[in-house]
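This chain uses plain numbering: 1 for the first residue, then up along the sequence. The analysis underlying the following values was restricted to heavy atoms, covering all of them including side chains, and did not include hydrogens, waters or symmetry mates.
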Amino acid sequence: MSSGEEDNDDMWQECEDEGNEMDTPATTCLFCNDMASCADEIWRHCDKMHGFNLAGIKEKHDLDCISFIKMVNYIRSKTVSSTSIVNLAEGSNAPWEGDEFMMPVIPDDPLLLYDIESLEENTGASAAATCTPNNDDTVSLSTQAYQELLHRLQETEQKASLMEQQLSRALEDLGTTKSVAQKILMSSSDGSLDKLPLQKMSEDEDQAYFDSYGHYGIHEEMLKDKVRTESYRDFMYDNKHIFTDKVVLDVGCGTGILSMFAAKAGAKQVIGVDQSDIIHQAIDIVRENGLSNVITLVKGRLEDIDLPVDKVDVIISEWMGYFLLFESMLDTVLYARDKYLIPGGIVYPDLCTLSLAALADQESHSSRIAFWEDVYGFKMSCMKTCVLEECSVEYAKAECVMSSAAMIKCIDVSSVNIKDLEFSSEFKLEALRDDICTSIIAYFDIIFEKNCTKTVMFSTGPGSEKTHWKQTVFPLRKPIALKKGTCLHGKVSCSRNAKDTRSLVVTFNIDGERIKYFVN
């Protein structure tokens, strides 16, 4: 290599180092207060000044990425000396094995991001360097060296697979534990727990809700829902007079699809707000489509941030959840309406209705309820109560709908208040044929109407094109036989779950029987 090339390499290295120093916080040594710009420098310092060789410690205690993180946090929390770590006997129980050492001692500690597995790559590289080079730029490995490298590769793959399985099981267990805990807390036979005051969710609990929308799969599912997405698109493209030269707020913008529809419909400025991490991808999407001059995206809870404008002309949002109101996102839309919407401004969609119908699906009901009568020869009847307290979200068969529909709630988003979202309503379902009602189903309709030259609407009912919302099915304890023309009378109440304000408690009173369901 020429001296000029060496100078160029040095220059590039300096530039990279400077960039890294700007982007990466300084790293503190495990055993003293010395600091360095990167983790590699710290490990070299630990080896030279403290006799702590990470590669040797890793091999001695068979560290993987989890045990490595625990070790770093143990050393930082206990301020132990390097000698005490180095002198630990091989094969002995490491003092950092407890799960409490998964908690970082230093927030955003750069050492915790260090790729401990890269030491294996370095070791492999050293082994390869001792092999014999051939004239055709290939390297000959001894059988022993090849087998060793192959073993390390397989071992690494197995560890990665095992960690993925453990993480998956942990997430499943967490979901199951949460569900069971909610049922225990809420299932009171005398209904006394229904009277508990609503408890505001902690920041961590609320953030968990937003984090669920940081995963790409949920956005893919929503975008692939053509009924949903094309209805919003058609509303905006067919009613451009509503958006031309207007300032538009998109509440819960996700990937930014509604914001981009509004921009294409002629909006002067669009502000999209979302608390989930998907907004980072939304920024790239907006930039990729050349709309950064119109669309501004803001990360945060709308209630906690300040918008770059004082008022907006139009608010758009896709806030609907299962049973229309699950997840309570409408609360945020109403907050935005009251704080940012100009007098005469409009929130879209502007009208929503929630309806019930009777379902006659004996096969599905039996598979869900009667199953517990004989489980591999054993009775598990007590499980019926648990099953009946939980509604399901599924596609109800259109041919199983046996009654007329009854609207139980109509929401005008321009005027509704948060207190109106807890309600009670009497209903009457007229049988369209002789049949046995096994469940009550709920679905909703969405309407874009106010000031529109072309009204757009869609339904999530069982007779309409399928959407990702499906229908909410409430199984009855005792199926009810109905004759054609007779009516099933009842009353339904909807309230927030006192222990989880984003979920709902839906109570039916039918034929003198009271059944409470949890929508969560």
R228/E318 salt bridge by N-O under 4.0 Å criterion: yes
Do I57 and M71 pass the side-chain contact (heavy atoms from CB on, under 4.5 Å) test, and can you show the C-alpha distance, the side-chain angles, and the key distance before you say yes or no? CA-CA 10 Å; I57 296 295; M71 181 192 72; 3.8 Å; yes
Partners passing side chain to side chain donor-acceptor pair (under 3.5 Å) against R477 (at least two apart in sequence or in another chain): E513
Would you say CG of N417 has more than 12 non-hydrogen atoms from neighbouring residues, nucleotides or ligands within 6.0 angstrom? yes
Any F518 side-chain heavy atom under 4.5 Å of C391 side chain: no
With sequence neighbours left out, the residues meeting side chain to side chain donor-acceptor pair (under 3.5 Å) with T296 are none
Side chains of D225 and M222: does their closest heavy-atom pair fall under 4.5 Å? no
Can you check ring-ring contact (aromatic ring centres under 6.0 Å, His included) on Y322 and Y443, steps first, answer last? CA-CA 8 Å; Y322 304 130; Y443 63 91; over 10 Å; no
Sidechain N-carboxylate O distance under 4.0 Å for D109, R76: yes
Between C253 and L297, what is the shortest heavy-atom contact and its length? SG-CD2, 4.1 Å
In the structure I gave you, are the side-chain heavy atoms of V312 and V248 within less than 4.5 Å of one another anywhere? no
Neighbour count >12 (heavy atoms, 6.0 Å) for atom NZ, K311: yes
Check against salt bridge (charged side-chain N to carboxylate O under 4.0 Å, His left out), K70 and D99: CA-CA 8 Å; K70 290 181 178 180; D99 288 340; 3.1 Å; yes
Which heavy-atom pair separates N520 from S503 by the least distance, and what is that distance? CB-CB, 3.7 Å
First locate atom CG of D62, then atom OG of S67, and finally report the distance between them rounded to the nearest 0.5 Å. 7.0 Å
Qualifying residues under salt bridge (Lys or Arg N to Asp or Glu O under 4.0 Å), relative to D306, sequence neighbours excluded: none
Salt bridge check, R301 against D304: does any charged N sit closer than 4.0 Å to a carboxylate O? yes
May I ask you to decide if the ring planes of F31 and H50 are parallel, tilted or perpendicular, using 30° and 60° as cut-offs? tilted
Should we count CD of E59 as having more than 12 external heavy atoms under 6.0 Å? no
Considering all heavy atoms of both residues, which atom of T28 and which atom of I42 are nearest to each other, and what is their separation? C-CD1, 3.9 Å
Under the 6.0 Å and 45° cation-pi test, does K466 pair with Y395? yes
Is there side-chain contact between V413 and W319, with heavy atoms separated by less than 4.5 Å? yes
For N289, what residues pass the side chain to side chain donor-acceptor pair (under 3.5 Å) criterion, not counting sequence neighbours? none
F444 vs L325 side-chain heavy atoms within contact, under 4.5 Å: no
Do M320 and I446 have side chains that approach each other closer than 4.5 Å (heavy atoms only, starting at C-beta)? yes
Run the side chain to side chain contact (heavy atoms under 4.5 Å, CB included) test against M49 and tell me which residues pass, sequence neighbours left out. H45
Any residue meeting ring pair (Phe, Tyr, Trp, His ring centres under 6.0 Å) with F458, in chain and number order, not counting sequence neighbours: W469
Side chains of D250 and V273: does their closest heavy-atom pair fall under 4.5 Å? no
Ring centre gap for F261 and Y232 strictly below 6.0 Å: no
Within-4.5 Å side-chain heavy-atom neighbours: T332 and E303: yes
Do D47 and R44 pass the salt bridge (charged side-chain N to carboxylate O under 4.0 Å, His left out) test, and can you show the C-alpha distance, the side-chain angles, and the key distance before you say yes or no? CA-CA 5 Å; D47 190 10; R44 287 193 290 269; over 6 Å; no
